[in-house]
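Have a look at the structure below, then the notes.
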Amino acid sequence: MSKRNCMINISLDAVGIIIAHLLTFIYLAQISNVTLANTFRLQRILVFMAVYLVVMGLQGFTKKRDTQFTIKDVFKVVLAMVAATAGELLFVLLTGAYHHMASLVLFFGMTLLLTLGLRVLNQKIHETLLTRDSEISEPTRLLVIGSGNAAEMLLAEMNKPNNKKKYHICGLVDDDRQLHGGTILGYSILGTTRDIPHLIDQHNIQRLILAIPSLTDLDYHRILENTGQKIPLATIPSMDELANGALNVAKFRPVPIQELLDRPEIELDTTATEELLFGKTVLVTGAGGSIGSEICRTLLKFKPKRLLLLGHGENSIYLIHQELLKTCGDIELIPVIADVQDKKRLLEIMFQYKPTVVYHAAAHKHVPMMEYNPKEAVKNNIYGTRNVAEAAKQTNVERFVMLSTDKAVRPTNIMGATKRICEMLVTSLNEPGKTKFCVVRFGNVLGSRGSVVPLFTKQIQAGGPLTVTDFRMVRYFMTIPEASRLVIHAGTLAKGGEIFVLDMGDPVKIYDLAQRMIKLSGYSTDEIKIIESGIRPGEKLYEEFLIDKERVSKQVFDKIFLGKITHANPDEVLNFLNVVMSSDETTVKEKIIDYAVKSAAFQDRQSV
C-alpha cells in the first residue's frame with residue numbers, strides 16, 4: 001500500500017473513532033444525568049485511538065500492499081477495537097472516573113460500525129472512479145482453466161479494483177465433471193477443457209489463463225491441442241507471488257526444453273559410470289558454464305568423494321558452488337578459480353588434489369564472437385586444451401574427456417577449426433597404460449547460453465518478432481542433461497583415442513524450432529512473427545557430425561557411435577601455431593581454418 005493510501009485509511013479510522021465516541025457521549029447525556037467533562041472525553045478518545053493504531057501497526061497494517069478491504073482486514077480491525085476498548089476500560093478504572101459497562105459496549109459497537117462503514121465507502125468510491133476511467137478501453141475477457149486453490153487465489157486477485165478494470169473473467173473450466181454448474185467466488189464452472197473451443201466462441205474469450213501449477217507437460221500440450229491455438233494461453237505466477245498479491249497474467253509458461261526435440265530424450269545405463277566415479281576425485285573445467293554446470297549437477301548422483309569446480313569467472317563458479325552445496329551431502333566441493341591458459345596453475349591444482357577423471361568443458365564457443373576474436377579462440381581453446389590435457393597426463397589422471405562440437409567437421413569458422421585441432425591434439429596424447437584421452441562430439445545444446453533458445457525466449461517475452469538467420473538453416477539438437485550424461489558416460493567407455501558421437505536423430509530446421517517455441521509458449525505465428533535476419537559471420541546452413549571417412553559401423557552403446565580422427569604430431573601443430581599467431585587477426589583465422597580443413601582432407605585420403 002502506498003503511503004498516501006495508508007494515511008487515508010488511518011485518517012478514516014481516526015474520524016470514525018472520534019465521531020463514534022462523540023455520538024455515544026451525546027446519547028448517554030440524553031438518557032442519564034451524568035455529564036462528562038470535555039477534557040475527560042478527549043482523554044478517553046486519545047487512549048482508544050492510540051491503542052487502536054498501535055495494534056493495527058503490529059498486525060502489519062502499514063505494510064499492506066493493496067487497497068482492497070478484505071475479510072482479513074475486518075478481523076484485524078475487530079481485534080484492534082477489542083484491544084482499544086480494553087485500554088479505554090483500564091484508563092477509566094485507573095482514573096476513578098464514572099463509567100458504565102453499557103457505555104463501553106456502545107463505544108465499541110458505534111466505533112466498529114463507523115470505522116468499517118467509512119472503509120467500505122472509501123473502497124466503493126475508489127472502485128467507481130477506476131471503473132469510470134476504464135470505460136475508455138474494454139477489459140480483456142478471460143477463461144480460467146482449473147478450479148483448485150490456485151484458481152481461487154487468482155480469482156481473489158482478479159476481484160481487486162486495479163485488475164477489474166483490465167480483466168473480465170467469463171468463467172472457469174475443469175475436467176472434473178462433478179464440479180460443472182458450480183461456482184467459485186461467484187464465477188461459474190462452464191465445462192471441461194474439451195469445451196474450450198466452443199466457449200471461446202460463445203463468450204468471445206480473448207485469453208486463456210492456466211491456473212494448475214502441478215499440471216504435467218503432457219496435459220499442458222493436450223490443452224494446447226484442444227484450444228486449436230485460437231487465442232493466447234498464459235499461466236498464473238507462482239503461488240507465492242499470488243499469495244503476496246502479485247498478478248501478471250501475461251507471464252507465459254517457460255517452454256520445457258525437452259518438448260522442443262522431435263524425439264524422446266536419450267537415457268543411458270549408468271551402472272559402469274557409478275563404479276568409475278564413486279568415491280573418486282573429479283575435476284570439471286568450465287564448471288560455471290551452462291554445460292559444465294550441468295555436468296557437475298549430474299556428477300553428484302554418482303557420489304564422488306570430491307568435486308573440483310574450475311573456472312575463470314569467479315561469479316559463475318560462486319553461483320554453481322552455492323547451488324550444489326544444497327544437494328551435495330558428504331561430497332566435498334572445491335571452487336577453483338583458474339585460467340586454462342595458465343599451465344603452472346593447472347599443474348598445482350592437479351598435483352594437490354590428484355583427480356581421477358577430468359571433464360574439459362572450458363572453451364570459447366560463440367561462433368560470431370570468435371570470428372571477431374580469432375586469436376582469443378586459439379589461445380583459450382587450443383592452448384588451453386593442450387595445457388589441461390598435458391597437466392592431466394603429467395599427474396597420472398586416469399581419464400580425460402574433452403567436449404567438442406559438430407562444428408569441428410569441415411569447419412568454416414574459427415571456433416570449429418580450433419575444436420578440430422583440439423581433437424587432434426587430445427587424441428594424439430593417448431598412450432597405452434597411461435591417461436585415457438577421448439573426445440565427445442555433439443551438436444547444438446538447447447538452452448545453453450550460446451544456443452538460440454534463450455534468444456527466442458526473450459523475443460517471445462517481448463512480443464516478437466523471432467529472428468532466424470536463414471529459413472533454410474538446419475541443426476542437430478540435444479538437451480543440456482543429454483549432453484552432460486553423454487560426456488560422463490563417454491569417460492566410462494573410453495579405451496583411449498576415441499571420438500564418441502550421439503545419435504541425435506534428424507536435423508531440425510531453425511525456422512521449425514521457432515514455430516514450435518511460439519506454439520508451446522501459447523501463441524500463434526499470427527501474433528508473433530518470424531523474420532529472416534541473414535547468416536552471421538562463420539555460420540553455415542548445415543552441420544554434420546562425422547565426415548564420410550570418419551564414420552565407422554561400430555555402435556559402442558545404445559545411441560552412441562564411435563568415430564575416427566586424424567592424430568596429429570603435437571610438436572608440428574604447436575610450431576605451426578607459433579608462426580601463425582604472429583600474424584594479424586584475419587590471417588590467423590584464414591590459416592587456422594585452412595589447416596583444420598586440410599587435416600580432414602588428409603583423413604579422407606588416409607582412409608581410402
Side-chain angles (χ1 to χ4, degrees), residues 285-293 310-317 337-343 345-346 360-389 402-426 439 441-445 448-455 458 467 469-470 473 475 533-541 543 568 573-600:
T285 71
S290 50
I291 299 174
S293 60
L310 189 148
H312 194 208
E314 63 171 341
N315 187 58
S316 60
I317 294 299
I337 305 301
D339 189 343
V340 292
Q341 297 179 47
D342 186 349
K343 185 177 179 181
R345 170 71 170 143
L346 295 172
H360 179 49
H364 288 327
K365 307 179 186 74
H366 199 281
V367 171
M369 191 64 67
M370 290 304 100
E371 289 297 289
Y372 292 111
N373 301 276
K375 287 189 177 182
E376 290 304 312
V378 172
K379 288 192 290 185
N380 194 73
N381 291 2
I382 299 179
Y383 288 136
T385 297
R386 181 203 63 174
N387 290 340
V388 179
M402 172 198 152
L403 279 68
S404 190
T405 170
D406 55 2
K407 294 173 178 61
V409 181
R410 279 192 269 262
T412 59
N413 53 66
I414 187 65
M415 195 282 281
T418 58
K419 283 293 191 177
R420 176 76 183 191
I421 294 173
C422 288
E423 291 178 350
M424 296 159 55
L425 288 174
V426 167
V439 174
R441 187 186 286 170
F442 48 81
N444 295 271
V445 180
S448 66
R449 293 173 188 168
S451 80
V452 74
V453 171
L455 173 62
K458 290 179 181 179
T467 55
T469 54
D470 192 299
M473 184 172 289
R475 291 291 184 268
S533 59
I535 293 181
R536 299 175 298 178
E539 285 189 324
K540 54 184 179 180
L541 290 177
E543 302 285 10
V573 175
L574 295 176
N575 288 335
F576 164 75
L577 292 175
N578 290 335
V579 173
V580 171
M581 288 294 282
S582 61
S583 306
D584 60 86
E585 296 272 9
T586 302
T587 303
V588 169
K589 180 169 66 174
E590 291 174 351
K591 290 191 174 183
I592 294 293
I593 293 174
D594 183 64
Y595 184 88
V597 171
K598 286 181 177 178
S599 74

Suppose we screen for side-chain hydrogen bond (donor to acceptor under 3.5 Å, both in side chains). Which residues come up paired with Glu376, at least two apart in sequence or across chains? Lys379

Looking only at non-hydrogen atoms, find the nearest pair between Ile414 and Ile593 and report the distance. N-CD1, 3.8 Å

Counting only heavy atoms from other residues, nucleotides and ligands, does the tally under 6.0 Å from CE of Met369 exceed 12? no

When you measure from the side chain of Thr418 to the backbone N and O of Met415, does any donor-acceptor pair fall under 3.5 Å? yes

Without swapping roles, check the side chain of Lys419 against the backbone of Lys365 for a donor-acceptor pair under 3.5 Å. no

Taking all non-hydrogen atoms of both residues into account, name the closest pair between Arg345 and Ile337 and its distance. NH2-O, 3.4 Å

Output for pair (Asn380 CG, Asn387 CG), nearest 0.5 Å, gives 10.0 Å

Excluding sequence neighbours, so at least two apart, what forms salt bridge (charged side-chain N to carboxylate O under 4.0 Å, His left out) with Lys589? Glu371

Side-chain donor or acceptor of Asn381 paired with backbone N/O of His364 under 3.5 Å: yes

So, using side-chain hydrogen bond (donor to acceptor under 3.5 Å, both in side chains) as the criterion, who are the partners of Lys343 when residues are at least two apart? Glu390

Below 4.5 Å, heavy atoms only, C-beta onward: do Thr385 and His360 meet side chain to side chain? yes

From the list Arg386, Lys407, Arg441, salt bridge (charged side-chain N to carboxylate O under 4.0 Å, His left out) partner of Glu423 resolves to Arg441

Is it the case that the side chain of Thr285 and the backbone of Ala361 share a donor-acceptor pair, with hydrogens and angles ignored and the cut-off at 3.5 Å? yes

Can you name the nearest heavy-atom pair linking Ala362 to Val340, along with the distance? CB-CG1, 4.0 Å

Kindly give the heavy-atom pair with the smallest separation between Val439 and Ser404, and that separation in Å. CG1-CB, 3.5 Å

Nearest heavy-atom approach of Gly416 to Pro411 is C-CB, 3.7 Å

Dump the intermediate steps for side chain to side chain contact (heavy atoms under 4.5 Å, CB included) on Val378 and Ile421, then the final yes or no. CA-CA 10 Å; Val378 172; Ile421 294 173; over 6 Å; no

Residues two or more places apart in sequence or in another chain: which of them pass side-chain hydrogen bond (donor to acceptor under 3.5 Å, both in side chains) with Asp342? none

By side-chain hydrogen bond (donor to acceptor under 3.5 Å, both in side chains), which residues pair with Thr587, not counting sequence neighbours? Asp584

Any chance you could lay out the side chain to side chain contact (heavy atoms under 4.5 Å, CB included) test for Val580 and Leu577, step after step, and finish with the verdict? CA-CA 5 Å; Val580 171; Leu577 292 175; 5.5 Å; no

For Glu585, check side-chain contact (heavy atoms from CB on, under 4.5 Å) against everything at least two apart and list the hits. Pro374, Lys375

Provide the closest heavy-atom pair for Ser583 versus Val588 in the form atom of the first, atom of the second, distance. O-CG2, 3.8 Å

